[in-house]
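Working notes for the structure below.
Just so you know, residue 1 is the first one in the sequence shown, and it goes up from there. On a predicted model such as this, the values are computed, not experimentally measured, just so you know.
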Amino acid sequence: MPFILVTVLFFLWGIPNNLNDVLIRHFMKSFAISRFQAGLVQSAFYMGYFLLAMPAAFLMRRAGYKSGFVTGLILFGAGAFLFWPAALAGSYSYFLFALFVIASGLSFLETASNPFIAQLGDADSSERRLNFAQAFNPLGAITGALIGTVFIFSGVELTPQEIAAQQARHTYEAYLRTETLRVVKPYLVIGAIALLWAVLIVRTKFPAIHSEHENESSGDRGRLRDLFRHRHFLFAVVAQFFYVGAQVGTWSYFISYVQEYAHQSEKVAGYFLTGTLAAFGVGRFASAWLMRFINPGKLMGSYSVVNMILVALAVLMPGWLGLWCVLLTSFFMSLMFPTIFALGLKGLGPNTKLGGSLLVMAIVGGAVLTPLMGFISATTHSLALAYSVPLLAYLIIALYSFWGSQPRNAGAIAG
């Protein structure tokens with residue numbers, strides 16, 4: 001039962017993560033802001049991950065994983081409910097604060113869930129187990145994209161002439177307010193589900209993680225400075241930073257890429273986003289199966305090289321070919337987050353919770369690289385060129401996969 005409840009969490013946090021991709025496009029319209037300003041959605045969101053991951057680790061080190069799950073779900077639900085007053089106030093900054101609160105809750109959930117699943121069984125199969133649990137995350141992502149496309153996007157896209165006409169009739173502000181209010185109902189439902197799941201977890205007994213329990217019973221709770229002696233872990237943090245930046249940036253501007261280079265409506269672009277998330281989900285399940293036969297690090301390295309080729313084509317040949325190349329990158333990026341996470345945690349012993357928190361803090365890559373892509377797009381007037389940022393990220397992940405992912409001198413460090 002604990003495994004099922006925690007695996008469902010991977011599904012739940014996939015919903016708000018990918019509703020952000022819809023919100024970026026929606027807020028550009030409802031608040032009449034630039035692509036760079038809309039990219040601050042991801043900055044506010046992933047700063048929540050960054051700032052709360054370490055407090056989450058310290059809480060769980062004192063009170064266990066269950067405390068992290070419950071705290072995270074309460075913050076998640078509270079942030080979702082804040083969308084209501086933010087919409088009534090019509091304030092973009094209030095929405096950014098609500099997203100920060102949601103992400104703070106998700107930071108607790110990810111800091112708890114990833115190491116909990118990785119350690120809930122044989123250490124040799126941790127990558128496969130975490131990839132399987134993480135495979136439910138893209139199902140949540142698909143759900144989030146569909147919710148946004150169906151319930152948030154109105155399908156009404158005004159031309160500059162129509163905007164000028166509404167402004168002359170003093171009806172434009174009412175139109176923007178109607179568009180803004182469309183986000184409220186979906187987030188209220190999501191918030192209610194998060195709080196319900198917190199109640200279920202409170203009422204469920206969770207097992208102790210033996211590998212950590214043995215260390216903690218002997219008084220060894222680990223020390224932060226010890227983590228800096230594990231080169232494979234430090235490289236994992238760097239790789240995770242660039243991976244999350246690549247994933248978030250790719251999806252955040254994918255709707256705009258479809259509209260700009262394939263000349264499709266926001267609704268059609270939203271369905272293309274759903275398609276790339278579906279490819280991501282298929283990739284997760286396929287990777288969990290392939291890891292039975294192929295070394296996880298080598299498989300991730302091969303996928304990184306494939307994505308470098310696909311993104312290069314999307315940069316150099318924007319259009320329908322570039323669109324399909326960007327869409328396919330989701331299949332090959334799918335195994336990266338859980339595989340980097342599981343490989344980075346190997347051999348950390350009592351430092352696993354702290355190590356997991358630093359790997360979650362690396363999610364701040366989404367807050368840094370997404371606005372960077374928006375800035376490149378704005379200054380060069382080319383969204384395709386902005387996709388060179390994920391291209392660099394996949395190069396770094398390939399280096400980690402083939403060279404930096406194996407623990408070294410584990411015995412000496414343990415001694």
Within 6.0 angstrom of K66 NZ, more than 12 heavy atoms from elsewhere: yes
Heavy atoms of other groups near F402 CZ, more than 12 under 6.0 Å: yes
K267 atom NZ, neighbour heavy-atom count above 12 within 6.0 Å: yes
Check: T380/S382 side-chain N/O donor and acceptor closer than 3.5 Å: no
Aromatic contact, Y257 with Y387 (centres under 6.0 Å): yes
Passing option when F116 is tested against F108, F341, Y65 for ring pair (Phe, Tyr, Trp, His ring centres under 6.0 Å): Y65
Exercise: do S265 and Q259 side chains pair donor with acceptor under 3.5 Å: no
Ring centres under 6.0 angstrom apart (Y94, F97): no
Heavy atoms of other groups near F206 CZ, more than 12 under 6.0 Å: yes
Near-ring test F69/W197, centroid separation under 6.0 angstrom: no
Over-ring placement of R231 relative to W403, 6.0 Å and 45° cut-offs: yes
F332 and Y394 aromatic centres sub-6.0 Å: no
Derivation of the side chain to side chain contact (heavy atoms under 4.5 Å, CB included) call for L96 and F45: CA-CA 7 Å; L96 294 181; F45 196 78; over 6 Å; no
Parallel, tilted or perpendicular: ring planes of F285 versus F132, cut at 30 and 60 degrees: perpendicular
Steps toward side chain to side chain contact (heavy atoms under 4.5 Å, CB included) verdict (V326, T250): CA-CA 8 Å; V326 175; T250 296; 3.7 Å; yes
Pair Y187 + F83: ring centers closer than 6.0 Å: yes
Aromatic centroids of W13 and F10 separated by under 6.0 Å: yes
Interatomic spacing from CG in L109 to CG in L12 - rounded to 0.5 Å: 8.5 Å
Side chain to side chain contact (heavy atoms under 4.5 Å, CB included) between L19 and I152, intermediate numbers included: CA-CA 9 Å; L19 268 171; I152 294 178; 3.9 Å; yes
Euclidean distance, F272 CZ relative to T149 OG1, rounded to 0.5 Å: 12.5 Å
Sub-6.0 Å ring centroid separation between F27 and F95: yes
Distance-only side-chain donor-acceptor flag, Y46 / N20, under 3.5 Å: no
Residue pair V101, L82: steps toward the side chain to side chain contact (heavy atoms under 4.5 Å, CB included) verdict: CA-CA 9 Å; V101 175; L82 284 174; 4.0 Å; yes
Separation of I255 CD1 from M28 CE (nearest 0.5 Å): 10.5 Å
